[in-house]
Visitor: 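Just passing along the structure, written as structure tokens.
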Amino acid sequence: GAVVSQHPSWVICKSGTSVKIECRSLDFQATTMFWYRQFPKQSLMLMATSNEGSKATYEQGVEKDKFLINHASLTLSTLTVTSAHPEDSSFYICSALLAGSADTQYFGPGTRLTVL
Amino acid sequence: DAKTTQPNSMESNEEEPVHLPCNHSTISGTDYIHWYRQLPSQGPEYVIHGLTSNVNNRMASLAIAEDRKSSTLILHRATLRDAAVYYCILRGLGEGDKIIFGKGTRLHILP
């Protein structure tokens, strides 16, 4: 199956700093990627849709200036959490869309962010 | 978006078959039925999808009711590694390709 990687797998940072998370589709090209956030014992919450070569589309209630998304190539999307605070601590997961029948999404392994 | 209803949790014994139900009474004719699962501390994993006919792959089988208002994910022989949250999701055309996750079914496997 298609493989999606994320880097880093975990990160700890101080409050007020910015953190960049990378999402790569390793063996296919993805014009569309998605970013999710998941708090403990909860389901995944869609944050934004990342489109290659254009601006990301954010879900209602997600601050676009805080969660910067860049999709500069067909295999890479980045999420930057700016001026991180402890409430931003969460499990961040990306997915990449494999175009075709039923448009299956393939998910990365997730990045656990802890803001002190 | 068409909604799905799944039990919050289920238990099964190791090495026995598991049938995970999903109701989707408002499904439209172009909605595909997808199943994903999420193991602890990992990203979701694609399991299987179908439209009308039953589907089989190396991970599982998907049985779709004739009226398509319900479906069942079948794990033929559960192992401890199958303990996960299983999500039943409908994906239609023209919805921007995004997936909205429900709460899913937490499957516990008993040794």
Side-chain angles (χ1 to χ4, degrees), chain A residues 1-7 9-10 21 23-26 28 30-52 54 56-60 62 90-114, chain B residues 1-9 22 27-53 55 57-60 62 64 68 71 84-106 108:
Chain A
V3 179
V4 175
S5 70
Q6 282 185 240
H7 178 80
S9 55
W10 59 270
I21 302 170
C23 176
R24 293 181 185 272
S25 56
L26 297 186
F28 67 101
T31 55
T32 305
M33 292 183 173
F34 302 88
W35 287 95
Y36 296 82
R37 181 168 54 180
Q38 186 175 34
F39 293 108
K41 298 194 182 301
Q42 294 187 23
S43 188
L44 286 80
M45 186 194 79
L46 180 65
M47 300 175 67
T49 302
S50 170
N51 299 297
E52 187 268 338
S54 63
T57 303
Y58 291 81
E59 295 297 305
Q60 192 172 9
V62 178
S90 188
F91 193 47
Y92 291 87
I93 305 167
C94 72
S95 71
L97 182 68
L98 180 60
S101 175
D103 291 343
T104 300
Q105 283 189 27
Y106 291 90
F107 288 80
T111 297
R112 187 160 302 282
L113 170 62
T114 302
Chain B
D1 289 348
K3 302 290 185 211
T4 63
T5 304
Q6 299 178 253
N8 289 332
S9 66
C22 180
I27 190 171
S28 74
T30 55
D31 284 340
Y32 283 83
I33 302 161
H34 283 245
W35 284 82
Y36 287 81
R37 72 178 185 181
Q38 186 178 23
L39 279 64
S41 298
Q42 295 186 29
E45 174 185 29
Y46 166 78
V47 177
I48 200 167
H49 77 273
L51 184 61
T52 56
S53 303
V55 184
N57 66 21
R58 64 177 179 82
M59 290 182 69
L62 177 60
I64 302 172
R68 298 206 333 123
S71 61
V85 179
Y86 287 78
Y87 297 97
C88 169
I89 297 162
L90 300 184
R91 305 211 52 223
L93 299 177
E95 291 182 359
D97 301 312
K98 59 185 180 183
I99 292 177
I100 304 299
F101 284 85
K103 295 183 178 181
T105 296
R106 185 172 296 276
H108 302 273

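Nothing here was measured: the structure is a model prediction, and the numbers come from that model. Each chain gets a letter, A, B and so on, in the order its sequence line appears, and its residues count up from 1.
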Visitor: Looking only at heavy atoms, which two atoms of B/Pro44 and A/Leu44 are closest? And how far apart?
Guide: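 For B/Pro44 and A/Leu44, the tightest heavy-atom pair comes out as CG-CD2, 3.6 Å.
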Visitor: For B/Ile99 and A/Tyr36, work out which heavy atoms get closest and say how close.
Guide: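 Closest approach of B/Ile99 to A/Tyr36, heavy atoms only: O-OH, 3.2 Å.
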Visitor: Just checking B/His108: does its NE2 atom have more than 12 heavy atoms from other residues, nucleotides or ligands closer to it than 6.0 angstrom?
Guide: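 Atom NE2 in B/His108 is crowded, with more than 12 foreign heavy atoms closer than 6.0 Å.
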Visitor: With a 4.5 Å heavy-atom cut-off, do B/Arg91 and A/Gln105 have their side chains touching?
Guide: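 A side-chain contact under 4.5 Å exists here.
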Visitor: Is the distance between the ring centroids of B/Phe101 and A/Phe107 less than 6.0 Å?
Guide: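 For B/Phe101 and A/Phe107, the ring centres are under 6.0 Å apart.
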Visitor: Counting only non-hydrogen atoms closer than 4.5 Å, does A/Gln38 touch chain B with its backbone (N, CA, C, O), its side chain (CB onward), both, or neither?
Guide: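 For A/Gln38, the side chain is the part near chain B, not the backbone.
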Visitor: Determine whether more than 12 heavy atoms belonging to other residues, nucleotides or ligands lie under 6.0 Å from atom CZ of B/Arg106.
Guide: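 No, the 6.0 Å shell around CZ holds no more than 12 heavy atoms from other groups.
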Visitor: State, to 0.1 Å, how close B/Gln38 and A/Phe91 come at their nearest heavy-atom pair, and which atoms those are.
Guide: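 For B/Gln38 and A/Phe91, the tightest heavy-atom pair comes out as NE2-CE2, 4.3 Å.
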Visitor: What I'd like to find out is whether the side chain of A/Ser43 reaches to under 4.5 Å of the side chain of B/Tyr87, using heavy atoms alone.
Guide: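 They are in side-chain contact.
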